[in-house]
Amino acid sequence: MITAIVMIHANADRIPETAQAIADLDGVAEVYSCAGDVDLIAMVRVREHEELADVIAGNLSRVPGVRTTSTHIAFRSYSAGDTDAAFAVGLD
């Protein structure tokens, strides 16, 4: 699974509608409204790199209210559960 984190600048008066329209797209797992440098963050999960162009450039960036996007591709996921499991190997 390929994960992309998409930082989105949106029109301030359309953030809720824009976020929901993005969340409804195939390949978009979650959308967060947030404070800071961007208005929305979308988590995109697809099986093939080629699908990223379809989801992000083909659909997400064309949602009404989206002004600009910046996409970051995740290489590896780390979480507390992953770390606990790694240190628990061989303890059984």
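Numbers for residues simply follow the sequence, beginning at 1.
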Does Ile56 share a hydrophobic cluster with Ile41, counting links as ILVMFWY side-chain heavy atoms below 4.5 Å and allowing steps through other members? no
Determine the minimum heavy-atom distance between Gly27 and Val46, stating which atoms define it. CA-CG1, 4.5 Å
Decide whether Leu25 and Leu40 are clustered together by the hydrophobic rule: side chain heavy atoms of Ile, Leu, Val, Met, Phe, Trp, Tyr closer than 4.5 Å, transitively. yes
Can you see which heavy atom on Arg67 is nearest to which on Ala10, and at what distance? NH1-O, 3.0 Å
Do side-chain atoms of Thr71 reach the backbone of Met7 as a donor and acceptor pair under 3.5 angstrom? no
Is there a side-chain contact between Val28 and Asn59, using heavy atoms and a 4.5 Å cut-off? no
Name all pairs fulfilling the salt bridge (charged side-chain N to carboxylate O under 4.0 Å, His left out) condition that reach into residues 23-47, sequence neighbours left out, sorted by first residue then second. Glu30-Arg45
In this structure, are over 12 heavy atoms from other groups packed under 6.0 Å from His72 atom NE2? yes
In one Ile/Leu/Val/Met/Phe/Trp/Tyr side-chain cluster, 4.5 Å: Tyr32, Val63: no
Determine whether Thr18 and Asn11 make a side-chain contact, defined as any pair of heavy atoms from C-beta on separated by less than 4.5 Å. no
Of all heavy-atom pairs linking His9 and Val38, the shortest is NE2-CG1, 3.8 Å
Find the distance between CD1 (Ile15) and CD1 (Ile8) and round it off to the nearest 0.5 Å. 10.5 Å
Does Ala23 have any side-chain contact (heavy atoms from CB on, under 4.5 Å) partners at least two apart in sequence or in another chain, and if so, which? Gln20, Val31
What are the two closest non-hydrogen atoms of Ser61 and Ala57, and how far apart are they? OG-O, 2.9 Å
